[in-house]
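Quick note on labels: first sequence line is chain A, next is B, and so on, each numbered from 1. When reading the values below, keep in mind they use all heavy atoms of this one structure, side chains included, and skip hydrogens, waters and symmetry mates.
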Amino acid sequence: MKYEVSGSDWSRDLVARTGPLRREWQVTVDDVTHTLLVEGLEGNQVLRLTVDDTTHTLTLLPGNRPGQPLRFLLDDNYHELMVRDETDLLAELLGGASGAGGREEILSPMPGVIRKLLVEPGQVVAEDEPLLILEAMKMENEVRAPRAGTLSQLLVAEGDTVAAGAALGEIEAGS
Amino acid sequence: MKYEVSGSDWSRDLVARTGPLRREWQVTVDDVTHTLLVEGLEGNQVLRLTVDDTTHTLTLLPGNRPGQPLRFLLDDNYHELMVRDETDLLAELLGGASGAGGREEILSPMPGVIRKLLVEPGQVVAEDEPLLILEAMKMENEVRAPRAGTLSQLLVAEGDTVAAGAALGEIEAGS
Amino acid sequence: MSKRKITKLLVANRGEIAVRVCQTCRELGIATVTVFSDADADAVHRYASDESIALGGNTPAESYLDVAKLLAAVADSGADAVHPGYGFLSENADFSAAVEAAGALFVGPTAEHINAMGDKVEARRRMIAAGVPVTPGSDGPVTDGKELTAAANEIGFPLLVKAAGGGGGKGIRRVNNAGELEAAWQRAVSEAGSAFGDARVYLERLVEPARHIEAQVLGDGHGGALFLGERECSLQRKHQKLVEETPSPVIDEAQRAELREAAIAGVTALKYRGAGTMEFLYDENRREFYFLEMNTRLQVEHPVTEMVTGLDLVHEQLLIAEGTRFGDRTEPELNGHSIEFRVYAEDPYRGFVPSTGKIQALRLPHSPFGRIDAALRDGMEVSPFYDPMLGKVIVWGPTRDAAIRRLRAMLSRTRIGGIHTTVPLGIEICNWDDFVQGTFHTQSLEAYLDREHLPIAPPPLPVQLAAVVARAFTAKAGAAEAASLATPPTAGNPWQQAARLEGSKRVTR
Amino acid sequence: MSKRKITKLLVANRGEIAVRVCQTCRELGIATVTVFSDADADAVHRYASDESIALGGNTPAESYLDVAKLLAAVADSGADAVHPGYGFLSENADFSAAVEAAGALFVGPTAEHINAMGDKVEARRRMIAAGVPVTPGSDGPVTDGKELTAAANEIGFPLLVKAAGGGGGKGIRRVNNAGELEAAWQRAVSEAGSAFGDARVYLERLVEPARHIEAQVLGDGHGGALFLGERECSLQRKHQKLVEETPSPVIDEAQRAELREAAIAGVTALKYRGAGTMEFLYDENRREFYFLEMNTRLQVEHPVTEMVTGLDLVHEQLLIAEGTRFGDRTEPELNGHSIEFRVYAEDPYRGFVPSTGKIQALRLPHSPFGRIDAALRDGMEVSPFYDPMLGKVIVWGPTRDAAIRRLRAMLSRTRIGGIHTTVPLGIEICNWDDFVQGTFHTQSLEAYLDREHLPIAPPPLPVQLAAVVARAFTAKAGAAEAASLATPPTAGNPWQQAARLEGSKRVTR
């Protein structure tokens, strides 16, 4: 599998081959191939990586999604990196800049209770405009517009309990 | 189900009826019926018992066997009691004093390695005579004859690793 | 009041503090009763006590804040004392009064003390009378726009709008200039009304940069007062404390004596009963303390005081509630250094959004001179209903450096999988120069956190390799995980997505 | 030797002590390497270190006692220091010498010290020369029957036959009268040969009743010596310690000064290097100490000394190994009281038969001033290959009473399901008058344990009801459990069965 690892102003290609049982990996970076021993603990939430005789502890963090920076701990240090595999790269090529026009869903960033709606369906909103107040763990959180446009749908009412990632509404391009 | 609970010089009969889901029990002792709420935690290794508005913590201990004193912790205090249910009582009636004559197996009281055999097959042994030395967790333990008789079989050799409860040999009545 | 022995105590709280109170009771042979909401039916605190009573409901209002249900639980269980923990009803004077009216001891101050100190305006007035230094501010609650403008102009900007009934970092709003004043005040009044049932707000000068240093005190209710050292709590984020320690790295014996004098004066003047914390702002340049507020309860960060004094503060609370007087008791020696790090179920690298879900791969390590106060269990669900603080990692060391090394090691051995927590940030803080050198103030942490996370240059090879492995194993985890994640799936590129996440801004209250 | 910094340390041990050593190294930024046998492939200590190297094998001889494999691991990992823990090779002079010959630091004494103190006969000679009081005994190893009789007659009965190469309660045999002498001596010679590779045995007077009190010392290898207080270890069963505490409830400042003087004299005379323990028998009637033996390693019960001194003894060991001299360093103040209870995988109500199997429902609670040193994980298999000690529960309190209350509470919150452990006995001991009042000696525990367990009268109703519930749930557990049980299934009545279990008698060595 080919991977592209990138940061804020650089990127690098890596090619990984896994052995039987996925324990032994061969990873090629800049024409040098490194042997990597991968040992999963705790249902693969924690992994031991041995590279060049040194063992590192990799701890996976929840919430990682394709298309977002990948977040993990290595030896107790926090890291973020963009990691795309072949499929991601292909999808990006085919999909183009999805979400640039058309409509976009408003998703709940956390589980909580809808305390107050600040806008109405049909209303024109600016990007970053507060749409509603979501209460979670004793704190009020403003959910803001992901883009400018018209609020074409509002799927929740005050007092509703919503899960993380639940659709709250939708914004359509234009006013 | 009828139970007989007994100690070293007394016994008492209890009748238990369990409700749906086995959460609510009715236990009758000395013609008085007590309601018992039973709540299992940690895969039923730990149980909360509520009797007359007071909650007790019952912790099961491993190794309990029918025919032996039942051992448990109640609110952190260790207890041993003989508890026979209907089936046990029936089996005892039918089986009579099993093991009183005939033969008896020598069972390993713990897992370990046979360090030394002190007797040979065919040898006549007294009750409580040391038969072999079993090493477990850095300690040497003597396994002694459960009864007097002739060692009719010896199933292990020096150096063998044995599990707890494994048959080590057999003693037949008489010499 | 004559001395009364506590034989059965009800803890009107949940989580780590409920477990903490039960620990001490178990040592003392006091029977314990906990209460639990529907959401907490399987919570750890439930099983820390001898009995546990269902309150029903999920939200705090339906459960841990419902005075009637709690009083019924006290009656049903036959408890002769109630410990309120912190938060919830711990600083509710009506609850204190109702418990005592029901014939049980309230492990905390009298309703009169709670009212006096809970009302920030009254608290200022009393402290001024006792000779305790306070920050410049409005002389009372601000009730109309005219008063507002006048008071603000006298105090100067930036200033803080504070709810008279708030506390613990809640109900505070910063106002940078006159333009923001009116809107902030109105929002504060509305929030204070709904959150604390008390819409009064007042103004106070914002001391900046400032340190937050607090004094732990005990009062026996008859004028007896003990000072148990200070706690440095300047490492905060939006008024939420993250790291606390004692002693403060910036005050010396002379300043500690000054702080002690102010604290003892306050406690003595009030004839305060119980454990309490007097919070001060410390202006490091002028080397001056200003009284901020008094928390009339056990504080989240009480363990650091325990570590350097050898006292069990819950035990002290119970002794005071039973009517023990201090007499000629002396203050304990303060020995070594202790630090506490708070573990929140929040994503510290995404604006501290709450993170809920099932806890996995849990490891709460033991260590010499280390302690973890928590109420966690592998497989437990973290629900969105309550405070996101999961627990605290506490260490002691002979010196501050030793304590930091120990905290770092202990956090690096701590693992709470399945959700985001502040643990990785805690390890970072232990390596952060400003923390190690003690040169921080109440704004330092926010400044430190305000940065780009994607690296500007390629990291060392092992990190790149780890990234690829992490990607492969994340893909494997797949859809099952998705349901419990705080970050929604998205189409579009990551930059858009990051912006959207930042679109959710936290409003403290 | 000049000062050398340790950067990477290999722990030649397993279980809780391996975890303990890694904790301190992690605080100090020292990289760690552990080793593991096949039976320990999934053991907790493996994951406490940065690296872990497979030794193969199951028995100690094939793994943790295999010097060649360990030296290879040191070379492979590039470790520049080796910590031997306790047990295994910790008191093996050849290992110490081999590690140092390989260019790594041995965290412990020199081969010369280990040889001198490991040889009980030589140790007595040296201590007599240093002016340390010793128990009357044979002047050297007893090599033939004539010597045996002569020495025994001079010492008088009862006496002890002790392996010169033994230690830690192993290799000791009691002889009550002349009739038992010859057989005991021959058995001891044979066991000592196979267990310690050293068949020499010697005789010593049996002081009875006696207390076992030991002094914790540190030596810098250049004559510098520090005394860190005593430990009372009289609660033993067949020379296996179960409870340790400091300070001892029976010695006062004058006797502590006496003990200190003897300990410092010994350490100084040896120019001892590292942490060590000088064990003494204490005759409470005569108020006299007799030197018993010196353990040239970290002791299992070192945490109680840490709790009252605030020192990290592993850190002290590392500093000494690096060549740090004490100079004018003063001894630490001894503060409060600390108790340790050892958790063994043994059935305390059935003659302490080892109990193996899968650990379930594990709970190792945290508590203020409490600490658990263990290497346990839910689902872990306890194998029959190694020492049955699973870990230790340690508490501190301002007074002995407070410490006992805390230990009791902590043990009652500790749960190690699936196997038998000594935890329930620990709770009992905390309620036992002789322990609470401190009126016990080395034989007290065995006398206490020698009793009938079936009650002679019906217990309170809740116990009877619990028995029925326990019976019902045990029946449900069924056959799956049977495989891992230490007690075999049986036909016949329970009395026969109980007798059979007692038929397995433990032979200490």
Closest-packed option against chain C by number of heavy-atom pairs under 4.5 Å, given [options]:
options	value
D:Pro398, D:Pro303, D:Gly336, D:Ser412	D:Ser412
D:Asp378, D:Leu364, D:Ile404	D:Leu364
D:Ala402, D:Gly310, D:Pro368	D:Pro368

- Message: Keeping D:Asp373 on the side-chain end and D:Glu16 on the backbone end, is there a donor-acceptor pair under 3.5 Å?
- Response: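 Checking the backbone N and O of D:Glu16 against the side chain of D:Asp373, no donor-acceptor pair under 3.5 Å is found.
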- Exam field: side chain D:Glu245 to backbone D:Val304, donor-acceptor pair closer than 3.5 Å: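 No.
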- Query: Given that the side chain runs from C-beta out, which part of D:Val19 has a heavy atom under 4.5 Å from chain C: side chain, backbone, both or neither?
  - Reply: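 For D:Val19, the contact with chain C is made by the side chain alone.
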- Item | Side chain / backbone / both / neither for D:Arg371 at chain C, heavy atoms under 4.5 Å |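 Both parts, backbone and side chain.
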- Kindly give the heavy-atom pair with the smallest separation between C:Arg413 and C:His366, and that separation in Å.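 Taking every non-hydrogen atom into account, NH1-O, 3.0 Å.
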Using a cut-off of under 4.5 Å on heavy-atom pairs, state which of [options] scores highest against chain D.
options	answer
C:Cys25, C:Gly29, C:Ser367	C:Ser367
C:Met307, C:Arg406, C:His315, C:Glu27	C:Glu27
C:Arg405, C:Arg363, C:Arg377	C:Arg405

- Ion pair check, C:Arg20 and C:Asp312, cut-off under 4.0 Å: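 Answer for the salt bridge query: yes.
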- Message: If we count only N and O atoms by modelled type, under 3.5 Å, do the side chains of D:Arg342 and D:Thr422 hold a donor and an acceptor together?
- Response: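 Looking only at side-chain atoms, D:Thr422 and D:Arg342 do not form any donor-acceptor pair under 3.5 Å.
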- Item | Pair C:Ser338-C:Thr246, side-chain donor/acceptor within less than 3.5 Å |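 There is no such pair between these side chains.
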